[in-house]
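Structure record follows, encoded as structure tokens.
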Amino acid sequence: MEIATWNVNSVRARAQRVTQFLERTQVDVLAMQEIKCKPEQFPYADFEAVGYEVIAHGLNQWNGVAFAYKKDLAPTDIETSFPQQPHFKDSLEARALGATFGDIRIWSLYVPHGRGLDDPHMDYKLEFLERLGSHVAEELEEDPSSQIALVGDFNIAPLDSDVFNVGFFDTHVSQPERDVFEVFEQIGFTDLHRKFVPEGYTYWDYKDLRFPRNEGMRIDFILSSPELTERITAGSIERDERKGEGPSDHVPVIASISG
DNA sequence: ATGACTCGACTATCGAGA
């Protein structure tokens with residue numbers, strides 16, 4: 001089984017590129033972030049045409065998360081937020097979508113950006129990750145063999161080498177953000193691409209020739225719970241998806257799972 | 001070339017992204 005995650009930066013603007021990716025890779029499940037549309041606006045027909053069904057969760061033109069999955073899969077226990085997921089300005093935003101595929105619980109996550117170190121959005125970001133961590137820690141406490149994959153755009157660069165110039169950034173590299181990211185490791189989750197693809201970015205800004213100059217950030221991850229980690233056989237970062245006509249500013253990240 | 005932002009709101013500019 002192969003799972004992938006991709007911040008598509010508008011699924012309506014990107015439907016052809018995303019479906020061509022599915023045709024090429026035949027991943028079983030693709031978790032998407034920033035679909036930027038409501039479910040009724042999702043380009044379902046394009047996905048059906050290449051053999052995929054879709055679960056979409058979006059409230060407006062911002063955020064939005066979804067799954068595309070092969071037609072023979074039957075996801076269960078669909079949730080459009082995790083327990084205690086924080087609100088921003090009284091709104092429970094479309095930033096998390098959970099579904100179980102076979103024996104694997106997958107969360108498609110679009111972690112808040114933060115906007116600035118002293119911005120209320122940063123508190124929101126940290127709280128979002130703290131509460132997500134508490135939730136999965138409870139799940140693992142109840143059943144240590146739980147197969148959980150936390151996938152998506154975490155908007156954090158855990159290591160200095162995950163950005164082209166650490167001095168260029170204030171958010172994404174700050175200690176509070178890195179501390180809250182590290183909690184997942186302490187709970188037992190593994191960033192599987194550290195092993196399979198130790199080098200490379202997953203995001204390059206559209207501005208300032210960031211991609212040709214390879215000035216990017218590594219902020220999209222697949223985190224696997226202990227028993228799931230044992231089943232990971234391969235991983236890749238699909239860097240070529242940043243090339244060509246009308247790319248997203250992020251590229252897909254893929255994990256292969258045995259069984 | 002991998003090339004100088006892009007998206008969706010609206011319809012002219014603007015918030016948001018990171």
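Hydrogens, waters and symmetry mates play no part in the numbers below; they use all other heavy atoms, side chains included. Just so it is clear, the structure is predicted and the values come from calculations on it, not from any experiment. Chain A is the first sequence line, chain B the second, and so forth, proteins listed ahead of strands; every chain is numbered from 1.
- A salt bridge is absent between Arg218(A) and Asp191(A); no separation between the charged side-chain nitrogens and carboxylate oxygens falls under 4.0 Å.
- Contact annotation for Asp240(A): no contact, since no heavy-atom pair falls under 4.0 Å across all strands.
- Of all nucleotides listed (dG17(B), dC5(B), dT2(B)), dT2(B) comes nearest to the side chain of Pro212(A).
- The side chain of Arg210(A) places no N or O atom within less than 4.0 Å of a non-bridging phosphate oxygen (OP1 or OP2) of dG17(B).
- Counting non-hydrogen atoms under 4.0 angstrom, Asn7(A) reaches the backbone sugars and phosphates but no base.
- Comparing the C1' positions of dA4(B) and dG8(B) gives a spacing of 23 Å, expressed to the nearest Å.
- For the atom pair CG of Leu59(A) and SG of Cys37(A), the computed distance is 11.0 Å after rounding to the nearest 0.5 Å.
- Comparing dA9(B), dC7(B), dC5(B) by their closest approach to the side chain of Asn9(A) singles out dC7(B).
- Distance from the side chain of Asp208(A) is smallest for dC5(B) among the nucleotides dA9(B), dC5(B), dG17(B).
- For Asp153(A), the side-chain atoms get nearest to dA18(B) when compared with the rest of dA18(B), dT6(B), dT2(B).
- Counting to the nearest Å, the C1' atom of dC7(B) and the NZ atom of Lys207(A) are 13 Å from each other.
- A salt bridge links Arg131(A) and Glu127(A); the closest N-O separation between the charged side-chain nitrogens and carboxylate oxygens is under 4.0 Å.
- Across all strands, Tyr110(A) comes closer than 4.0 Å only to sugar-phosphate atoms, never to a base (heavy-atom distances).
- Gln33(A) has its CD atom 15 Å from the C1' atom of dA18(B), to the nearest Å.
- Among the atoms of the strands shown, none is found under 4.0 Å from any heavy atom of Arg213(A).
- Of all nucleotides listed (dT2(B), dA9(B), dC5(B)), dA9(B) comes nearest to the side chain of Gln41(A).
- In this structure, Asp205(A) atom CG and dA16(B) atom P are separated by 17 Å, rounded to whole Å.
- Counting to the nearest Å, the P atom of dT2(B) and the CD atom of Glu238(A) are 17 Å from each other.
- Here the nucleotide nearest the side chain of Phe211(A), chosen from dT2(B), dA18(B), dG17(B), is dT2(B).
- Nearer to the 5' terminus of DNA chain B, by closest-nucleotide assignment, is the contact made by Asn214(A) (compared with the other of Asn214(A) and His172(A)).
- One donor-acceptor pair, N or O on each side, does fall under 3.5 Å between the base of dA18(B) and the side chain of His113(A).
- Using a 4.0 Å heavy-atom cutoff across all strands shown, Tyr203(A) reaches sugar-phosphate atoms only and no base atom.
- At the heavy-atom level, Ser10(A) lies under 4.0 Å from the strands shown only through sugar-phosphate atoms.
- Separating the CG atom of Asn63(A) from the P atom of dC7(B) is a distance of 17 Å, rounded to the nearest angstrom.
- Set against dA9(B), dT2(B), dA4(B), the side chain of Gln61(A) has dA9(B) as its closest nucleotide.
- The side chain of Arg14(A) contributes no N or O atom lying less than 4.0 Å from OP1 or OP2 of dT6(B).
- A salt bridge links Arg24(A) with Glu238(A): the closest approach of a Lys/Arg side-chain nitrogen to an acidic carboxylate oxygen falls below 4.0 angstrom.
- Residue Lys125(A) contributes atom NZ, which lies 9 Å from atom P of dA18(B) at whole-angstrom precision.
- Between the C1' atom of dT2(B) and the CD1 atom of Ile237(A) lies a distance of 17 Å, rounded to the nearest Å.
- Of the charged side-chain nitrogens involved, none lies within less than 4.0 Å of a carboxylate oxygen, so that Asp72(A) and Lys70(A) do not count as a salt-bridged pair.
- Contact annotation for Trp204(A): no contact, since no heavy-atom pair falls under 4.0 Å across all strands.
- Each of Asn60(A) and Arg115(A) has a nearest nucleotide on DNA chain B; the 5'-most of these lies closest to Asn60(A).
- Distances shorter than 4.0 Å separate some side-chain N or O of His250(A) from OP1 or OP2 on dA18(B).
- The side-chain heavy atoms of Ile148(A) and Ser224(A), taken from C-beta on, include no pair separated by under 4.5 Å.
- Taking atom P on both dT13(B) and dT2(B), the two are 36 Å apart, rounded to the nearest angstrom.
- When each of dC7(B), dT2(B), dA18(B) is scored by its nearest atom to the side-chain atoms of Asn155(A), the top-ranked nucleotide is dA18(B).
- The distance between atom CG of Asp119(A) and atom P of dG15(B), rounded to the nearest whole Å, is 14 Å.
- Electrostatic pairing of Arg178(A) and Asp160(A) counts as a salt bridge here, judged by a charged N lying under 4.0 Å from a carboxylate O.
- Of all nucleotides listed (dA16(B), dT6(B), dA18(B)), dT6(B) comes nearest to the side chain of Tyr206(A).
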